[in-house]
Each structure stands twice: as C-alpha cells, then as structure tokens.
**Student:** 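My structure is below; once you've seen it, I'll send some questions.
In what follows, every chain begins at residue 1, and chains take the letters A, B, ... in the order their sequences are listed.
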Amino acid sequence: MPTSHSSKIVFILKSRPEELSPFREKLRALLQNENLTEAVRENILVAIGEACTNAIRHAYKEKPGHKILLTVESQKDCLVFRVRDFGEKIDPSRIKPPQLPATRGGGLGIYFMKEMMDKVEYNMRRRRGNELILTKFRPKSQ
Amino acid sequence: MKIHTKTREPGIRSVHLEGDLDFHSSPELRRELGKFLETGAQKLCVNFEKVRYIDSSGLATFIELFQKLKRSGGKLVLFNLTQGVRSVFEIAKLDSIFSLAKNEEEALSLVS
C-alpha cells in the first residue's frame, strides 16, 4: 500500500546459492504489501535476485559464508533497493551489454536489472565491496 | 526443483518442472536435461505451469538445451509459461527464437 512516510527494512543473506529461494519468498511477502501489479513485483524479484546472484558469483567468487545486505526503502513515490556486498570490487564500465536475442546467460543479469527497474546505479563511493542501488517508481496514479 | 518426465508419443518427451529456476536450481536441471539428451531424446516439450520464477541462470540452461537440440536436428517447445516467466523470455528477446506454446496440445503439435 502507498505510504506517506518512508520505511526501511534490511535483509541479510549469506553468499550461498541455496539462500536465494528463501530470501526471495521473504521479499515476495514484503512486496505483497505494496500496491504494485504482479508483473512489476515479479520483475523486481528477478532484478534483485540477479543483483544478489552477481554478489555471490562475482564479488565473492562463489565462496560461502560472506554477507549480502539488502535494504528496502519504501518511499512515497518509489521503492529503493540497496544490494551491498563486501567482496571484490566490480568495475561496471567493464560489463558489456548482452547480444540479443540472448545466446548465453552471461551478461543478462545487469541487462535485466536495467530493463526491469527504473534506475540502476553503482555507489562508487564505497571503499570496500559494492553497493548497487535499484529504484522502482510507483505509478503516478497511486 | 522437481522434474517429472513422461513419454507422450513415440520420440516425444514431456518434462514437467516445479519450483523456481535460479542460480541454485539451474545446475541440477541442466544435469537432468543432459541425461535426456544422452538417452537420444530429440523432441522435448517442457511444462512451465509450476515455475513461478526464472532468472538469467535458468534462461542459460534453456539456451544451451535449445542450441544442442538445434545442432542435432531436435526440437524444443516450452508451454504453460506464467506471465512473469514469459516476460523474462521476452525481455531477453528469446520469444523470437524459442517455440512458446499456450498449452500441451499446442506444444505437441509444434514439436511433432
């Protein structure tokens, strides 16, 4: 439901692929409370899932036991998702856009985030690890 | 991820998936689908009715399967895609190269 005040929820997950599904269910339940269409909710789940998968695969090189923080901020006009890891720094300028139609899975993750969200930014000021900030604006009629 | 298979018609294998297709479940699915190909299966219909979520790892599994079947002269048809899953295929522009059927009947006619 639309909120007049900003609220913030933090999820913590470990860098293990098996954590993705239970985490997604928690996020899905949270998004049910937002006045969004099912298609938008599912797109958000894919975009955030890709961001967390990238943290596991690329920042932590699939090594388990490391922390990923997801902060969900519900604002009046948008939802802001911050995916924070403390692994190897990713240089976003080196990420090439995928060939379309896709001929492989690689490179699709960041493309999905950009297509499914309204804004995708890397917080380059973080000295350690990565922070990806993904924003979805609420429809103006809400 | 649960995977059920049955032979619908001679030479056509129907695969029913249940669960999310993500970075965790995709390797298992890739192994299972690989086993079908090793048995000589050339025509596959995959039921997505009970798949609510697919990410780029899941898509990669089907891109590989599609390419392997194409090289060997086989066919792949996906059917009963939920709106969310279909949207992921569309954003990756894969709806232009994959056969996506509404239901099993249409899938069987496309794969035959």
Side-chain angles (χ1 to χ4, degrees), chain A residues 13-29 31-32 36-62 64 68 95 97-117, chain B residues 1-3 17-34 46 48-71 76-78 80-100:
Chain A
L13 67 153
K14 293 285 176 64
S15 55
R16 300 188 315 154
E18 51 268 52
E19 297 246 340
L20 291 168
S21 180
F23 154 71
R24 194 160 51 240
E25 288 314 306
K26 288 177 192 167
L27 183 56
R28 183 176 267 128
L31 292 175
Q32 290 284 356
L36 302 167
T37 65
E38 187 184 345
V40 169
R41 284 199 302 268
E42 291 301 313
N43 276 352
I44 291 172
L45 288 173
V46 173
I48 303 304
E50 295 288 355
C52 293
T53 298
N54 279 355
I56 295 172
R57 289 184 68 184
H58 303 302
Y60 290 129
K61 308 288 184 202
E62 298 187 35
I68 300 166
I95 301 170
Q99 182 186 332
L100 296 174
T103 53
R104 52 193 280 274
L108 278 178
I110 191 75
Y111 168 73
F112 281 164
M113 290 180 227
K114 287 177 177 171
E115 287 292 309
M116 294 173 177
M117 304 298 279
Chain B
M1 166 63 57
K2 292 179 185 171
I3 306 163
L17 305 178
E18 188 175 341
D20 289 358
L21 262 173
D22 63 8
F23 181 55
H24 176 53
S25 59
S26 292
E28 182 198 355
L29 177 64
R30 189 174 291 123
R31 279 193 299 275
E32 292 301 316
L33 292 171
V46 184
F48 271 74
E49 186 180 10
K50 293 183 178 173
V51 177
R52 193 164 49 158
Y53 177 94
I54 189 167
D55 68 4
S56 59
S57 310
L59 275 192
T61 304
F62 283 94
I63 293 168
E64 283 172 29
L65 179 67
F66 174 80
Q67 289 170 341
K68 281 180 185 171
L69 283 168
K70 193 178 173 188
R71 279 197 294 273
L76 172 68
V77 180
L78 315 180
N80 278 343
L81 276 71
T82 60
Q83 188 191 353
V85 169
R86 178 177 272 273
S87 154
V88 176
F89 275 88
E90 287 170 354
I91 291 170
K93 312 292 183 203
L94 288 171
D95 55 320
S96 62
I97 58 169
F98 275 68
S99 293
L100 305 179

**Student:** Compare every heavy atom of B:L94 with every heavy atom of A:P101, then report the nearest pair and how far apart it is.
**Tutor:**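 Looks like CB-CD2, 4.5 Å.
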**Student:** As an exercise, state the distance from NE2 of B:H24 to CZ of A:R24, rounded to the nearest 0.5 Å.
**Tutor:**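 One gets 10.0 Å once the value is rounded to the nearest 0.5 Å.
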**Student:** Mind ranking B:V85, B:D95, B:L59, B:D20 by heavy-atom pairs under 4.5 Å with chain A and telling me who comes out on top?
**Tutor:**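 Result: the option with the highest number of such pairs is B:D20.
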**Student:** Do you know which two heavy atoms are closest between A:G49 and B:Y53, and how far apart they sit?
**Tutor:**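 Closest heavy-atom pair between A:G49 and B:Y53: CA-OH, 3.7 Å.
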**Student:** Do the side chains of A:E62 and B:F23 get nearer than 4.5 Å, heavy atoms only?
**Tutor:** yes
**Student:** State, yes or no, whether a side-chain contact exists between B:R52 and A:R28 at a heavy-atom distance under 4.5 Å.
**Tutor:** yes
**Student:** So what's closer than 4.5 Å to chain B heavy atoms on A:R16: side chain, backbone, both or neither?
**Tutor:** neither
**Student:** Counting heavy-atom pairs under 4.5 Å to chain A, which of B:S56, B:G58, B:S25, B:S96 comes out on top?
**Tutor:**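 Highest number of heavy-atom pairs under 4.5 Å: B:S56.
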**Student:** Sort A:E18 into side chain, backbone, both or neither according to what part of it lies under 4.5 angstrom from a heavy atom of chain B.
**Tutor:** both
**Student:** Backbone N or O of A:T103 within a donor-acceptor pair of the B:Q67 side chain at under 3.5 Å?
**Tutor:**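 At least one qualifying donor-acceptor pair exists.
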**Student:** For a 4.5 angstrom cut-off between non-hydrogen side-chain atoms, does B:D22 reach A:T53?
**Tutor:** no
**Student:** Could you tell me if the side chain of B:S87 sits less than 4.5 Å from the side chain of A:N43, heavy atoms only?
**Tutor:**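 Answer yes - side chains close enough.
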**Student:** Please classify the contact between B:I91 and chain A as side chain, backbone, both or neither, with a heavy-atom cut-off of under 4.5 Å.
**Tutor:**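 For B:I91, heavy atoms of backbone and side chain both lie under 4.5 Å from chain A.
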**Student:** If every non-hydrogen atom of A:A102 is compared with every non-hydrogen atom of B:I97, which pair is closest and at what distance?
**Tutor:** O-CD1, 4.4 Å
**Student:** Do B:V88 and A:M116 have side chains that get closer than 4.5 Å, going by heavy atoms?
**Tutor:**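 Result yes, sub-4.5 Å side-chain heavy-atom pair found.
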**Student:** Find the one option among A:E19, A:E25, A:E115 whose heavy-atom pairs under 4.5 Å with chain B are most numerous.
**Tutor:** A:E25
**Student:** Quick check on B:E64 against chain A: is it the side chain, the backbone, both or neither that has a heavy atom closer than 4.5 Å?
**Tutor:** neither
